[in-house]
Amino acid sequence: MMEGNRTLLTEFVLRGITDRPELQVPLFLVFFFIYIATMVGNLGLIFLIWKDPQLHTPMYLFLGNLAFTDGCISTTVTPKMLMTFLNKNDMISLGECFAQYYFFCISATAEIFLLVAMAYDRYVAICNPLHYAVVMSKRLCTVLISMSYIIGFVNCGLNVGLLFRLTFCKSNVIDHFYCEILPLYTISCTDPSLNALIVFICASSIQISTSLTIVVSYARVLFAVLNMKSKNGRKKAFFTCSAHLLSVSLFYGTLLFMYMSPGSAPGKNQDKIYSLFYTVVIPLLNPFIYSLRNKEVLGALKKVIK
């Protein structure tokens, strides 16, 4: 399209992780098997939670939705990245680019609030066990899960909606392996300062408020665990919470460096590494983090196998 003497771009080239041709096929194979393992792990966890009535509890309801968002994140990003490795389809239209970021953003935002819900669930289970069934009612669980997705729709709709005010004419090359929002600003002919400010405000407010909620919840959980008289009770509570904390630390750590680090700049290789963590590595690890040390999930798996 033409606007005055400028050609406005409507298609982009995803540069991918690396330009080195000798690495394209090995990287394709690595990420292909990672994607298969990710989907098997997350869909398998969802199936086990649905199949076993003993797992129809608030904790596993949140965990099933976490597996769903992990699968969505991986599916939104990885297949396009795999095609880029093979140089068969490294082009992406403006609409596809915005759509890819939108669905990734919704899934990632929903995952953040699901982690908060899981932290609150563990707080109630350990600190107020006698009132757990009353507090963590089916209605409250439904509200917490619904709000996670609704906030994702609103937050990401705002950021993607603001992308339509930008025009692109500098370059059609996005220095990333998916349509991440920050690299788009570097090829915009329109001043993206407003967009960058809104992204920073949304990201910082969500991450600070949710991380503080999680820290407070687990601080109170830790205090309660240390005061438990039963050694087995302490051990069980510690293993459950340690899995949650590991997942939270990985996810929040990478997002913090990506969107809130003052020294970060779009297009750097380090940003691609951060992105790989929360789009590829974490969705792969989460089902195993929550399953391998969980006797109830392993028990459900044995029932299915038998």
Side-chain angles (χ1 to χ4, degrees), residues 14 16-17 27 30-47 49 62-85 92 96-118 145-157 159-160 174 176-184 199 202-203 206-207 210-211 243-244 246-259 271-291:
L14 291 172
I17 296 176
L27 286 175
V30 169
F31 285 103
F32 174 77
F33 287 113
I34 286 177
Y35 179 65
I36 296 299
T38 299
M39 297 310 295
V40 169
N42 285 290
L43 292 178
L45 185 57
I46 293 172
F47 174 76
I49 293 172
F62 295 135
L63 185 55
N65 278 272
L66 187 73
F68 173 74
T69 57
D70 278 331
C72 289
I73 289 173
S74 185
T75 300
T76 302
V77 173
T78 308
K80 184 64 179 178
M81 180 174 62
L82 292 175
M83 288 187 286
T84 303
F85 283 132
I92 188 168
E96 290 173 337
C97 183
F98 288 1
Q100 185 187 45
Y101 177 75
Y102 181 60
F103 288 111
F104 158 75
C105 181
I106 290 173
S107 303
T109 305
E111 180 157 333
I112 289 174
F113 285 94
L114 287 171
L115 290 171
V116 175
M118 292 172 71
I145 292 171
S146 299
M147 289 303 298
S148 299
Y149 292 106
I150 290 171
I151 293 173
F153 277 107
V154 174
N155 171 56
C156 302
N159 289 320
V160 172
I174 299 175
H176 219 286
F177 57 89
Y178 78 103
C179 274
E180 221 289 322
I181 197 169
L182 299 182
L184 284 173
V199 167
C202 291
I206 288 174
Q207 291 186 46
T210 54
S211 59
H244 292 188
L246 177 58
S247 178
V248 168
S249 300
L250 289 172
F251 193 75
Y252 272 83
T254 52
L255 288 179
L256 182 67
F257 280 107
M258 186 69 186
Y259 289 104
D271 289 345
K272 294 182 183 181
I273 295 174
Y274 296 148
S275 297
L276 279 175
F277 263 93
Y278 62 74
T279 60
V280 177
V281 177
I282 293 175
L284 169 67
L285 294 179
N286 270 347
F288 300 103
I289 289 174
Y290 288 107
S291 302

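Without hydrogens or angle criteria, N42 side chain to P283 main chain gives a donor-acceptor distance under 3.5 Å. The main-chain N or O of I34 is found under 3.5 Å from a side-chain atom of T38 such that the two form a donor-acceptor pair. Between the T69 side chain and the L66 main chain, a donor and an acceptor come within less than 3.5 Å of each other.
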Inset, instruction - Would you sort out whether I145 and F62 count as a side chain to side chain contact (heavy atoms under 4.5 Å, CB included), showing the intermediate values? - result: CA-CA 7 Å; I145 292 171; F62 295 135; 3.7 Å; yes
Inset, instruction - Could you check T75 against Y35 for side chain to side chain donor-acceptor pair (under 3.5 Å), going step by step and ending with a plain yes or no? - result: CA-CA 8 Å; T75 300; Y35 179 65; 3.1 Å; yes
Inset, instruction - Begin from the C-alpha positions of T84 and Y178 and carry the test side chain to side chain contact (heavy atoms under 4.5 Å, CB included) through to its verdict. - result: CA-CA 10 Å; T84 303; Y178 78 103; over 6 Å; no
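From L114, atom CG reaches atom OG1 of T210 across 11.5 Å, with rounding to the nearest 0.5 Å. Once rounded to the nearest 0.5 Å, the distance linking CG of L285 with CZ of F288 reads 8.5 Å. Note that SG of C179 is 13.5 Å distant from CZ of F103, once rounded to the nearest 0.5 Å. A distance of 12.0 Å separates CG of L284 from CD1 of I36, quoted to the nearest 0.5 Å. The CD1 atom of I92 sits 10.5 Å away from the CZ atom of F98 when rounded to the nearest 0.5 Å. Summarising the geometry, atom CD1 belonging to I17 is positioned 8.0 Å from atom NZ belonging to K272; distances are rounded to the nearest 0.5 Å.
Summarising the geometry of H176 relative to P183, their closest heavy-atom pair is CD2-CG, 3.6 Å, with the distance given to 0.1 Å. Heavy-atom minimum distance, I206 versus F113: CG2-CE1, 3.8 Å.
With hydrogens and angles left out, the side-chain atoms of Y101 and T76 include no donor and acceptor closer than 3.5 Å.
Between L45 and L63, some side-chain heavy-atom pair lies under the 4.5 Å cut-off. Between C202 and T109 there is no side-chain heavy-atom pair separated by less than 4.5 Å. Taking 4.5 Å as the limit, every side-chain heavy atom of S275 sits out of range of all side-chain heavy atoms of V77. Here the side chains of V280 and M81 are in contact, with some heavy-atom distance below 4.5 Å. Side-chain contact between F104 and I181 is absent, with no heavy-atom pair separated by less than 4.5 Å.
Among residues two or more places apart in sequence or in another chain, the side-chain contact (heavy atoms from CB on, under 4.5 Å) test is passed with C72 by F68, S107.
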Residues 146-153, side-chain donor-acceptor partners within the protein, below 3.5 Å, at least two apart:
from: S146; atom 1: OG; to: T142; atom 2: O; distance (Å): 2.7
from: S148; atom 1: OG; to: L144; atom 2: O; distance (Å): 2.8
from: Y149; atom 1: OH; to: N65; atom 2: OD1; distance (Å): 3.1

